[in-house]
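Numbers for residues simply follow the sequence, beginning at 1. Just so it is clear, the structure is predicted and the values come from calculations on it, not from any experiment.
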Amino acid sequence: MDEFSKISVQEISKHDMLMIIKALEYTGENAKLPSFIELKDAIVKQLSLLSNTTEEEFIRYLEKSY
């Protein structure tokens with residue numbers, strides 16, 4: 001397990017990625033845990049940068065694929 005320090009998102013489906021993002025958002029808002037919202041925001045920011053889109057466009061893309 002110590003052999004990797006990063007996890008690739010290549011094998012995660014769009015549906016699963018959307019579910020992860022929504023789960024982080026839901027948990028952060030309902031449990032009042034800002035670290036969950038911060039993690040969600042960081043993931044969305046990085047993925048939108050990789051896909052050369054805005055964060056809003058990236059979320060819409062995932063939702064459209066669902």
Side-chain angles (χ1 to χ4, degrees):
M1 286 290 205
D2 295 330
E3 295 178 19
F4 62 92
S5 62
K6 295 186 179 187
I7 297 172
S8 173
V9 296
Q10 291 176 327
E11 300 300 320
I12 299 175
S13 72
K14 290 181 252 180
H15 176 262
D16 290 346
M17 182 57 65
L18 180 61
M19 296 303 293
I20 291 166
I21 290 168
K22 293 295 185 181
L24 288 169
E25 182 176 47
Y26 179 86
T27 303
E29 290 174 357
N30 290 290
K32 308 286 190 256
L33 297 169
S35 59
F36 280 73
I37 298 293
E38 292 166 8
L39 178 57
K40 187 245 349 165
D41 290 344
I43 290 170
V44 171
K45 181 178 182 175
Q46 288 299 311
L47 292 173
S48 65
L49 287 172
L50 287 171
S51 61
N52 200 29
T53 64
T54 67
E55 294 174 25
E56 294 80 18
E57 289 173 326
F58 183 75
I59 293 296
R60 279 196 304 269
Y61 167 74
L62 291 178
E63 290 172 339
K64 182 180 175 185
S65 301
Y66 182 63

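For N52, the CG atom is loosely surrounded, since the number of other residues' heavy atoms within 6.0 Å does not exceed 12.
By the side-chain contact (heavy atoms from CB on, under 4.5 Å) test, E56 pairs with T54, R60, sequence neighbours left out. In this view, L39 and L24, I43 satisfy the side-chain contact (heavy atoms from CB on, under 4.5 Å) rule, not counting sequence neighbours.
Transitive grouping of hydrophobic side chains (ILVMFWY, heavy atoms separated by less than 4.5 Å) keeps I20 and I37 in distinct clusters. By the rule that hydrophobic residues join a cluster once side-chain heavy atoms approach within less than 4.5 Å of another member, L62 and L49 end up as members of separate clusters. In the hydrophobic cluster analysis, where Ile, Leu, Val, Met, Phe, Trp and Tyr join through side-chain heavy atoms closer than 4.5 angstrom, Y61 is grouped together with I12.
Between E11 atom CD and D16 atom CG the span is 11.5 Å, to the nearest 0.5 Å. Interatomic distance, E55 CD to Q46 CD, rounded to the nearest 0.5 Å: 9.5 Å. Distance CG/N30 to CZ/F36: 12.0 Å, rounded to 0.5 Å. Here T27 contributes atom OG1 and E29 contributes atom CD; the two are 9.5 Å apart, rounded to the nearest 0.5 Å. To the nearest 0.5 Å, the span separating CG on L18 from CD1 on I59 amounts to 6.5 Å.
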